Amino acid sequence: MTPPPDPGPHPSDRLRGLPLMVCVQVSLHAASTGMRIVGPLLLLRAGAPAWQVGLLLACFGLGPVAFAWPVGRLVDRRGYRPAATAVLVLSAVAGVLAVLATALDGAARLALLCAAGMAGGGAANAGMVVAQRTAARMASDPARLRG
């Protein structure tokens, strides 16, 4: 008598990391949104012209363009953990740059806020790429990807 075939990993084993992925993504999005609101207010309060505020807001959109493909390739090559670590480090760098910007004035403040905007926007978007690619790999069969 032959033993029954191995069914593979239990579906609950595949979804073990899902709650952590959701919490990380919510945190990244909250940090990015907070910087997107506070950064322009900081510039406006300091009397910065409108073009500087527009430049800062554009940097939040430029970051995702710069980081999405490299992070997607990193997930494909090395898996979830290295990519998630890179995203969290990028988000922490964005926070540090934003805090440093509050201590400076003029062009230095604008430069740090723009760098923080690119890093924060890029981290939030890259975190979404990591979560989506990892969740797609958790699917046990192609039919689950469509559902």
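Starting from 1, each residue takes its place in the sequence as its number. What you are looking at is a predicted structure, and each value in this text was computed from that prediction instead of being measured.
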Discussion item. So, taking the atom named CG in Leu113 and the one named CZ in Phe60, what distance separates them when rounded to the nearest 0.5 Å?
Written reply: 8.0 Å
Discussion item. Within this structure, what is the CG-CG distance for the pair Leu110 and Leu42, rounded to the nearest 0.5 Å?
Written reply: 10.5 Å
Compare every heavy atom of [Y] with every heavy atom of [X], then report the nearest pair and how far apart it is.
X: Met35; Y: Ala116; value: CE-O, 3.9 Å
X: Met128; Y: Gln25; value: N-OE1, 2.9 Å
X: Val130; Y: Ala83; value: CG2-CB, 3.7 Å
X: Gly127; Y: Leu28; value: CA-CD1, 3.8 Å
X: Ala123; Y: Leu90; value: N-CD2, 3.8 Å
X: Ala86; Y: Leu74; value: CB-CD2, 4.3 Å

Going by heavy atoms in the side chains, are [X] and [Y] under 4.5 Å from each other?
X: Tyr80; Y: Arg133; result: no
X: Phe67; Y: Asn125; result: no
X: Leu104; Y: Leu100; result: no
X: Arg109; Y: Leu43; result: yes

Fill in: Short side-chain to backbone donor-acceptor contact, Thr33 and Ala30, under 3.5 Å
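Flag not set: sc Thr33 to bb Ala30 has no pair under 3.5 Å.
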Discussion item. Tell me if a side-chain donor or acceptor on Ser91 pairs with a main-chain N or O of Val87 at a distance below 3.5 Å.
Written reply: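 Answer holds: no.
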Find out if a path of hydrophobic residues (ILVMFWY) with successive side-chain heavy-atom gaps under 4.5 Å connects [X] to [Y].
X: Val71; Y: Leu88; result: yes
X: Leu112; Y: Val99; result: no
X: Leu44; Y: Leu55; result: yes
X: Leu56; Y: Trp51; result: yes

Item to complete: Might you work through the side chain to side chain donor-acceptor pair (under 3.5 Å) test for Arg36 and Ser32, ending with a clear yes or no?
Response: CA-CA 6 Å; Arg36 195 175 317 144; Ser32 176; 3.2 Å; yes
